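Worksheet: the structure to be examined is printed underneath.
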Amino acid sequence: MSKRYWLMKSEPDAYSWDDLVAEGEGTWDGVRNHRAAKNLRTMQVGDEAFFYHSNIGKEIVGIATISQAGLTDPTDPEGKWAAVKVRPVRKLANPVTLKQIKADPSLPDIELVKLSRLSVAVITPEEWAHILSVSEG
DNA sequence: GCCAACGTTGGC
DNA sequence: GCCAACGTTGGC
């Protein structure tokens, strides 16, 4: 399976990029949406994900990598929901804001915008490359 | 099985 | 603070 790309949302009040960097590795759990959970189950070790700050900032701030996949959510007493572990890779050269993404004609169908409530979204390889190029100017 | 009411998320 | 988009719940 070739590498996939994701976007993981977090409110920086609750868990920010800096928190992930400070911890070195974070568990992505507490997801209670079937579509997002399906994305979590599809993730493989080595996949990469944009780390997006919702509510405050509303921008992609960094890149994380999936360090452990296919875990059971430790916060779910019934053990039915999925979780993964992520590690920070690097901060983006420049954060890419939601505003930029929405205004960008190269990103017409990005799941972040189309399914704005989804906490774990799919990013296509094309979208990944484009957002990186925007970040790096 | 349908649908209205309600709750949650997240942008504005 | 409001609203749109969805998901879930419960009455029928």
Side-chain angles (χ1 to χ4, degrees):
Chain A
M1 187 74 66
S2 62
K3 183 150 88 176
R4 294 173 192 264
Y5 298 99
W6 311 96
L7 181 140
M8 306 170 96
K9 271 192 207 177
S10 184
E11 295 187 37
D13 273 357
Y15 194 85
S16 70
W17 169 259
D18 288 339
D19 292 332
L20 176 64
V21 170
E23 280 191 358
E25 183 174 55
T27 303
W28 216 268
D29 57 23
V31 172
R32 294 293 181 274
N33 171 285
H34 287 287
R35 186 151 179 174
K38 181 176 162 246
N39 288 339
L40 278 182
R41 288 195 198 93
T42 309
M43 288 181 182
Q44 308 250 324
V45 172
D47 284 359
E48 290 191 296
F50 285 133
F51 194 108
Y52 175 81
H53 280 172
S54 64
N55 280 320
I56 301 167
K58 282 169 276 181
E59 58 193 9
I60 297 170
V61 290
I63 296 172
T65 188
I66 311 303
S67 53
Q68 289 185 53
L71 305 177
T72 298
D73 188 336
T75 68
D76 173 18
E78 297 190 32
K80 286 195 283 192
W81 293 93
V84 298
K85 289 198 178 191
V86 297
R87 285 193 188 140
V89 175
R90 65 182 173 90
K91 211 168 178 170
L92 287 188
N94 299 291
V96 178
T97 65
L98 182 64
K99 194 175 169 185
Q100 285 175 275
I101 291 167
K102 281 188 161 177
D104 197 321
S106 300
L107 302 169
D109 298 318
I110 191 165
E111 204 171 81
L112 171 66
V113 174
K114 285 180 91 179
L115 298 172
S116 65
R117 291 182 56 232
L118 207 60
S119 55
V120 181
V122 172
I123 296 279
T124 68
E126 291 76 20
E127 288 162 352
W128 181 270
H130 185 77
I131 289 167
L132 279 185
S133 75
V134 169
S135 170
E136 287 154 11

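Order of the sequence lines sets the chain letters (A, B, ...), proteins ahead of strands, with each chain counted from 1. The shown structure was predicted, so the numbers you read here are calculated from the model rather than taken from an experiment.
The interatomic distance linking Y15(A) (OH) with dG10(B) (P) rounds to 17 Å, in whole Å. Rounded to an integer number of Å, the gap from CD of E59(A) to P of dC12(B) is 13 Å. The separation between D13(A) atom CG and dG10(B) atom C1' is 13 Å, rounded to whole Å. Between K58(A) atom NZ and dG10(B) atom P there is a gap of 12 Å when expressed in whole angstrom units.
No side-chain heavy atom of I123(A) sits less than 4.5 Å from a side-chain heavy atom of L112(A).
In this model, no donor atom of one side chain and acceptor atom of the other lie less than 3.5 Å apart for T65(A) and E48(A). No side-chain donor-acceptor contact under 3.5 Å links N39(A) and T42(A). A donor-acceptor contact under 3.5 angstrom links the side chains of T75(A) and D73(A), judged on distance only.
Here I56(A) contributes atom CD1 and D13(A) contributes atom CG; the two are 3.5 Å apart, rounded to the nearest 0.5 Å.
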Any protein N or O atoms within reach of nucleotides 4-8 of chain C? Criterion: under 3.5 Å, listing atom names and distances.
| from | atom 1 | to | atom 2 | distance (Å) |
| --- | --- | --- | --- | --- |
| dC6(C) | O4' | R117(A) | NH1 | 3.0 |
| dC6(C) | O2 | R117(A) | NH1 | 2.8 |

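In the hydrophobic clustering (ILVMFWY side chains linked at under 4.5 Å, chained through shared members), I66(A) is joined by W6(A), M8(A), Y15(A), W17(A), L20(A), V21(A), W28(A), V31(A), L40(A), M43(A), F51(A), V61(A), V84(A), V86(A), V120(A), V122(A).
Residue contacts shown for K99(A) are absent, as no nucleic acid heavy atom lies under 4.0 Å away. Note on L118(A): nothing from the nucleic acid sits closer than 4.0 angstrom, heavy atoms only.
Y52(A) has no side-chain polar atom (N or O) that falls below the 4.0 Å cut-off from OP1 or OP2 of dT9(B).
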